[in-house]
Amino acid sequence: MGYNRQIVPDYKPQTVEKKWQDRWRDSRAFEVTEDHAKPKFYCLEMFAYPSGHAHVGHVRNYMIGDVVARMKRMRGFNVLHPFGWDAFGLPAENAAIKNGTHPETWTLENIAHMKGQLQRIGISYAWEREIATCLPDYYHWNQWVFLKMLERDLAYRKSSRVNWCPSCNTVLANEQVVDGKCWRCGTVVTTRELEQWFFRITRYADELLEAAEQLTEWPDKVLTMQRNWIGRSEGARVKFALTADLDSIDVFTTRIDTIYGANFILLAPEHPLVQAWSEQAGGEALRGNMQRFQAQDRTGRMTGDIEKEGFDTGRTAINPFTGQPVPIWVANFVLGEYGTGAVMGVPAHDQRDFEFARKYDLPVTVVVQGPGPDAKADAEAMSEAYDGPGTMIASGEFTGLPASEAIARMSEAAEARGIGERTVQYRLKDWGISRQRYWGTPIPVIYCEKCGMVPVPSDSLPVLLPKVQEFSGRGDSPLAQIDEFVNTTCPECGGPARRETDTMDTFVDSSWYFYRFCDPKNADLPFDPDTVGYWGPVDFYSGGVEHAILHLIYSRFFARVFRDLGMTHLSEPFTRLLTQGMVLKDGQVMSKSKGNVVDPDDMIQKFGADALRLYVMFVAPPEKEIEWSDAGLEGSWRFLARVWRLVDHLAESIGGQGIPAPGELDLDDGERALRRKTHDTIRRVTLDLDPRVHLNTAVSGLMELVNELYAFCGRNDSLRVGQAADTPATAGTVVRASTLAVLKESIEALVRMISPFTPHLAEELWEMLGHPGGIVEAGWPSFSEDVAKADELIVPVQINGKVRARLTVAAGTADDQLRAAALADPQIVKHLEGKTVNKIVVVGGRLVSIVVK
RNA sequence: GCCGGGGUGGCGGAACUGGCAGACGCUCGGGACUUAAAAUCCCGUGGCCGUAAGGCCGUGCGGGUUCGAUUCCCGCCCCCGGCACCA
């Protein structure tokens, strides 16, 4: 099986594709400007990390977006379809450490190669808007936004325990820790105490959560993931007074109704009181346990289960509802970062507390009695905690209430007594953006001995990334080693000062690039508000689901920041989101390290870009993963050759002007059938592309039409195509004018509809058909509903007023025949058994009503 | 455990609002063409029975609603993805 065989010598994709790619480039075919006369459409695929070579898994995404963009152009939209490079980041730096190439050289070379790949696939990008985040005219505006956020207290600096990847030698945001491992390299993450910059994303937690409801064109999966990530829970904060001193402990609980069963207090090892007590006289044992728990915490969480352990602090607090003293323990499973770092232990109604109580022989008080015969009120007999609904018992004045109601009543009581309040807790944390790496945006602040932290004045931006020549891979920020960069003067007092040497997380770059594309050359602002006002929001956004929380939540956050800066009116940046599936080879994700990548250039050489595009779009719905198959690609190639052959064969007969539209002609049955199929296909393919994005079924619809055209031609000796007896439809052969008219309509619709998938081939065929203008000017074919459904009618059949069946009949069926058909229908016969038919009424040929006794 | 998605031929997958299950493609088989092969064109390809016409079964399992269920409802089983000691 050789791939380069030429079945049809005339279809030479490589020649055709080169020709049209050159024309598109020379005519700047995909460059756009704001045009208020047309509806706008912003089509965007997640920009690329320039890793070196794009494989088909990457380019699938660009193909999906390109089909949408090209289809929208044909439908009369002013389409913005840009591309760029997420060009900062660690791999460039690692490459520098490994083989001494400067990150910038490495990155720019990769960009050049990958850009060529995308152009050879024929993706219709407005390349004049190309951006690369590693260039100063882009990261300048990262710094600008940072300063704006600093002004608004959306950026702040604090010392905290942060995630640390020992392999990447840098801090990671919570979102970048996946199963306790680094999202990029998979190394187990540790923690460090560091001064870091944070973005206050938590200020928008509630809004991000609530607005998710309005994202009706996002996949449920992504919205669910974001909801889980934000992790809102409603509850109450309750104060437990200490018996020994005037201090108190705040706990957070979602089950204040169980507070009469709170038999102990549990503190996180990180809780400040634990720290304080361990430093007091006699605190040695506490200190030892505290440190032990802190050390085991993270690894334990990664494996999923660590032994629940605790240590009695020897102190007590007063349960504010029972008035009874309860012991205070330190517990390894209580998290310092969540809630108040302290919880009330209710062993009867919380499984963790139950296990803890059993282990350390603490009392268990049941306060909620479940319904039914196996209601558990006997603490001794319990084998597990009961966390279901029920009725309050042993709960003072609240006894007898349903637990659900007790939550509200007891919260009110706590508020009234000033010992608690209703609160909402989020799992979402502020976004730590400092990275101890070189290849990123310098954080524009200066530390002055006299003035403290001073922002770089915005007229001094950008703070340029200096050219570091040596990359050691050591653990400190590379910028810290460059004296000329570090040492500066304070913008306020002019005294000696030091620059911040950390760089920004590269996710900052990707959080707003979609706005920059609207106005990529703006030298005064990140973008002009009016321009984004025209193009924004992104109407169609596609990319991998792996960004469901990282990039997509950060972008929603940044959209709100820009909105609150008065730069846009948009809260949500992406109206519609499509998460495309991965491309697998041999059941595994393609990756360079696994050695199972398919390079699009190899496939283009064998079958052409159009066949590659068509195959990838056809083999599965865009959201699903696909298993790469050479045979499948060859099948797509075969289909295109078939289309070529068909058009080539008929071009002379149906090309150019002079053939009338078939609507005015007298058609025979076969012609009418083909015409119906054509219009039905236009209807189906149109809907499959817009608003659905069912690209695979759109392609199959086109294949059906081609099969139908072959069958149609096969029935006519003068038109037969692709067979031994194949002869061109030459002059002198008698072909009905109506046949040619129908064929012309059908084939032109086919060529137009296939063009988003196989743009080069379609343009070539369109030219062969004698059209001087391009296919975009020709526009999308329109269909006639009447033609599409010409002779199909579904007639409801009522029996005594109720619809009991539907008959499918030919349009124009006579009333008598309708009656007969109804009486012959097995479903209706069933209903008429043992009954007498009084009369059968036919209403307008579209409803049959049978009256029976 | 909680949340989301799904389960259809040898395979990838179709089936719109409840209306002929398996479109389209891959694979495989047959025919035409050819000295031959490839390519091309045509036909067949869920299972079982039947020479055939045709019949029966069939969308994870068990029920239900309906003239009619892959589709709607109830109860299970399994798979994929996310979150998870979050109080």
Side-chain angles (χ1 to χ4, degrees), chain A residues 1-2 5-8 178-179 219-229 231-233 235 251-255 258 266 268 297 300-301 304-306 308 331-335 337-346 349-353 355-356 387 425-427 545 548-549 579 614-615 618-621 623-627 629-636 638-639 641-642 645 683-684 687-688 692 694 696-707 710-711 713-714 720-726 794 796-797 799 802-808 825-832:
Chain A
M1 285 262 257
R5 61 195 175 199
Q6 289 296 324
I7 300 154
V8 174
V178 180
D179 292 337
D220 288 341
K221 179 166 61 164
V222 174
L223 293 174
T224 307
M225 285 165 74
Q226 294 210 351
R227 276 188 211 109
N228 287 343
W229 189 260
R232 180 192 153 98
S233 60
V251 302
F252 173 73
T253 178
T254 54
R255 290 292 307 273
T258 64
L266 298 174
D297 183 28
R301 203 178 306 167
D305 50 352
I306 46 163
K308 286 177 184 46
N332 62 348
F333 62 91
V334 177
L335 306 172
E337 328 86 77
Y338 185 76
T340 60
V343 299
M344 61 184 203
V346 186
H349 305 296
D350 181 284
Q351 187 58 25
R352 294 157 298 181
D353 297 345
E355 287 166 28
F356 194 81
D387 60 3
Q425 277 298 325
Y426 295 96
R427 212 188 71 99
V545 73
I549 24 199
T579 52
L614 190 83
Y615 164 66
F618 170 64
V619 71
E623 297 82 358
K624 280 202 77 160
E625 58 186 28
I626 62 183
E627 172 68 35
S629 147
D630 283 345
L633 173 57
E634 197 179 338
S636 293
R638 207 153 35 223
F639 170 71
R642 209 166 134 83
R645 222 173 291 134
R683 188 180 58 83
R684 273 177 56 192
L687 289 174
D688 275 348
R692 304 166 194 159
H694 293 186
N696 55 326
T697 51
V699 174
S700 70
L702 295 170
M703 288 173 166
E704 278 183 58
L705 181 58
V706 170
N707 289 344
Y710 266 75
C713 292
R720 200 166 291 140
V721 56
Q723 295 171 49
D726 175 358
I794 295 169
V797 179
I799 297 176
K802 198 178 172 198
V803 174
R804 294 295 185 182
R806 281 166 211 278
L807 292 175
T808 305
D825 186 85
Q827 287 172 355
I828 293 169
V829 169
K830 230 190 280 181
H831 268 276
L832 300 180

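Every value quoted in this text rests on a predicted model; they were computed, and no experiment measured them. All values below come from the heavy atoms of this structure, side chains included, with hydrogens, waters and symmetry mates left out. In the text below, chain A, chain B and the rest are named by the order of the sequence lines, each starting its count at 1.
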Asker: Give me the distance, rounded to whole Å, that separates B:A52 from B:U35 when you measure between the P atoms they each carry.
Answerer: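 The same atom, P, in both gives a distance of 35 Å.
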
Asker: So, for A:G345 and A:D353, which heavy atoms are closest and what is the spacing to 0.1 Å?
Answerer: CA-OD2, 3.4 Å

Asker: What pairs with A:R427 under side-chain hydrogen bond (donor to acceptor under 3.5 Å, both in side chains), at least two apart in sequence or on another chain?
Answerer: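 Counting only residues at least two positions away or on another chain, A:R427 forms no side-chain hydrogen bond (donor to acceptor under 3.5 Å, both in side chains).
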
Asker: Does B:G58 have a Watson-Crick or wobble partner in any strand here, with both distances under 3.5 angstrom, and which is it?
Answerer: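 Per the H-bond distance test, none.
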
Asker: Between atom CZ in A:F639 and atom P in B:A39, what is the gap in whole Å?
Answerer: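 Distance, rounded to whole Å: 19 Å.
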
Asker: When the C1' atoms of B:G29 and B:G10 are considered, how many whole Å apart are they?
Answerer: 13 Å

Asker: In whole angstrom, give me the gap between the P atoms of B:C86 and B:U71.
Answerer: 37 Å

Asker: Between A:R352 (CZ) and B:A84 (P), how many Å, whole number?
Answerer: 14 Å

Asker: Here's a test of your reading of the structure: between A:V699 and A:Y426, which maps to the more 5' nucleotide of RNA chain B?
Answerer: A:V699

Asker: Output the distance between atom CG (A:N707) and atom CZ (A:R642), rounded to the nearest 0.5 Å.
Answerer: 5.0 Å

Asker: Without decimals, in angstroms, what is the distance between A:D350 CG and B:G1 C1'?
Answerer: 13 Å

Asker: Given B:A87, B:A23, B:C41, which nucleotide is nearest the side-chain atoms of A:T254?
Answerer: B:A87

Asker: Under 4.5 Å between any side-chain heavy atoms of A:T254 and A:Q425, yes or no?
Answerer: no

Asker: Which nucleotide in the set B:C26, B:A87, B:G12 lies at the smallest distance from any side-chain heavy atom of A:V619?
Answerer: B:G12

Asker: What is the pairing partner of B:C72, taking Watson-Crick or G-U wobble pairs with both distances under 3.5 Å in any strand?
Answerer: B:G64

Asker: What are the atom names and distances for every N/O pair under 3.5 Å that joins the protein to nucleotides 2-9 of chain B?
Answerer:
residue: B:G5; atom: OP1; partner: A:D220; partner atom: OD2; Å: 3.4

Asker: Between B:C57 and B:C80, how far apart are the two C1' atoms, rounded to whole Å?
Answerer: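 Per the computed distance, 30 Å lies between those C1' atoms.
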
Asker: Between B:C86, B:G12, B:C41, which nucleotide has the shortest distance from any of its atoms to the side chain of A:Y710?
Answerer: B:C41

Asker: Under a 4.5 Å cut-off applied to non-hydrogen side-chain atoms, are A:F356 and A:F333 in contact?
Answerer: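 In contact.
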
Asker: Expressed as a whole number of Å, how far does the C1' atom of B:C79 sit from that of B:C61?
Answerer: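 One C1' to the other, the span is 15 Å.
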
Asker: Base, sugar-phosphate, or nothing for A:P621, non-hydrogen atoms under 4.0 angstrom?
Answerer: sugar-phosphate

Asker: Measure from the side chain of A:M225, starting at C-beta and using heavy atoms only, and say which of B:G82, B:C24, B:C42 lies closest.
Answerer: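 From the listed options, B:G82 comes nearest.
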
Asker: By nearest heavy atom, map A:N696 and A:S700 onto RNA chain B; which one lands nearer the 5' end?
Answerer: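 Mapping each residue to its closest nucleotide by heavy atoms, the 5'-most match is A:N696.
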
Asker: Under a 3.5 Å cut-off for both distances, is B:C83 Watson-Crick or wobble paired, and to whom?
Answerer: B:G1

Asker: Whole-Å distance between B:A87 P and A:E337 CD?
Answerer: 14 Å

Asker: Compare side-chain N and O positions of A:S233 against OP1 and OP2 of B:A87 and report whether any pair is under 4.0 Å apart.
Answerer: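 Yes, such a contact exists.
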
Asker: Send over the distance from A:L687 CG to B:A15 P, rounded to a whole Å.
Answerer: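 Between P of B:A15 and CG of A:L687: 12 Å.
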
Asker: For B:G63, does the O4'-C1'-N9-C4 (purine) or O4'-C1'-N1-C2 (pyrimidine) torsion place it in syn, i.e. within 90° of 0, or in anti?
Answerer: anti

Asker: With a non-hydrogen cut-off below 4.0 angstrom, is A:D353 in contact with a base, only sugar-phosphate, or nothing?
Answerer: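 The answer is nothing, as A:D353 stays clear of every strand by at least 4.0 Å.
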
Asker: Report which part of the nucleic acid A:K308 touches: base, sugar-phosphate, or nothing (heavy-atom distance under 4.0 Å, all strands).
Answerer: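 The answer is base, as A:K308 lies within the cut-off (heavy atoms under 4.0 Å) of a base atom.
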
Asker: Respond yes when some side-chain nitrogen or oxygen of A:K624 is under 4.0 Å from OP1 or OP2 of B:G12, and no when none is.
Answerer: no

Asker: Sort out the partner of B:U17 for me: Watson-Crick or G-U wobble, both distances under 3.5 Å, none otherwise.
Answerer: none

Asker: In whole angstroms, how far is the P atom of B:A84 from the CG atom of A:D387?
Answerer: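 Interatomic distance, CG of A:D387 to P of B:A84: 20 Å.
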
Asker: Side chain of A:T697 only, please: which of B:A14, B:C41, B:C83 is the nearest?
Answerer: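 Selected nucleotide (nearest to the side chain): B:A14.
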
Asker: Pick base, sugar-phosphate or nothing for A:R684, based on heavy-atom distances below 4.0 Å to the nucleic acid.
Answerer: nothing

Asker: Looking only at atom C1', what distance separates B:G9 and B:G22, rounded to whole Å?
Answerer: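 So the two C1' atoms sit 7 Å from each other.
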
Asker: Nearest to the A:A620 side chain among B:A87, B:G13, B:C26, which nucleotide is it?
Answerer: B:G13

Asker: Expressed as a whole number of Å, how far does the P atom of B:G64 sit from that of B:U70?
Answerer: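 Comparing P positions in B:G64 and B:U70 gives a spacing of 15 Å.
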
Asker: Among the candidates B:C41, B:C86, B:C24, find the nucleotide nearest to the side-chain atoms of A:Y338.
Answerer: B:C86

Asker: Expressed in whole Å, how much space separates the C1' atoms belonging to B:U59 and B:G18?
Answerer: 15 Å

Asker: If the condition is side-chain hydrogen bond (donor to acceptor under 3.5 Å, both in side chains), which residues does A:N228 pass it with, not counting sequence neighbours?
Answerer: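 Once residues adjacent in sequence are excluded, A:N228 has no partner under the side-chain hydrogen bond (donor to acceptor under 3.5 Å, both in side chains) criterion.
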
Asker: Quick check: do A:R684 and A:S700 have side-chain heavy atoms less than 4.5 Å from each other?
Answerer: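 Yes - at least one pair of side-chain heavy atoms lies under 4.5 Å apart.
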
Asker: B:C11 P sits how many Å from A:L633 CG, rounded?
Answerer: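 To the nearest whole Å, that distance equals 22 Å.
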
Asker: Rounded to whole angstrom units, what separation is found between the CD atom of A:E627 and the P atom of B:G10?
Answerer: 19 Å

Asker: Which part of the nucleic acid does A:T253 contact within heavy-atom distance under 4.0 Å: base, sugar-phosphate only, or nothing?
Answerer: sugar-phosphate

Asker: Kindly say if A:N707 contacts the phosphate of B:G25, meaning a side-chain N or O under 4.0 Å from OP1 or OP2.
Answerer: yes

Asker: Please classify the nucleic acid contact of A:G231 as base, sugar-phosphate, or nothing, using heavy-atom distances under 4.0 Å.
Answerer: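 The residue A:G231 makes no contact with any strand.
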
Asker: At their closest point, which heavy atom of A:L633 faces which heavy atom of A:Y615, and how far apart are they?
Answerer: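 Scanning both residues, the minimum pair turns out to be N-CD1, 3.5 Å.
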
Asker: Compare all side-chain heavy atoms of A:V545 with those of A:K221 and state whether any distance is below 4.5 angstrom.
Answerer: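 Yes, at least one pair of side-chain atoms sits under 4.5 Å.
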
Asker: Show the nearest heavy-atom pair for residues A:Y338 and A:Y426, with the distance to one decimal.
Answerer: CE1-O, 3.8 Å

Asker: Between B:C26, B:A87, B:G12, which nucleotide gets closest to the side-chain atoms of A:R638?
Answerer: B:C26

Asker: So do the side chains of A:H694 and A:N696 get within less than 4.5 Å of each other, counting heavy atoms only?
Answerer: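 Yes, side chains in contact.
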
Asker: Output the single nucleotide from B:U27, B:C41, B:A23 whose closest atom is nearest the side chain of A:E704.
Answerer: B:A23

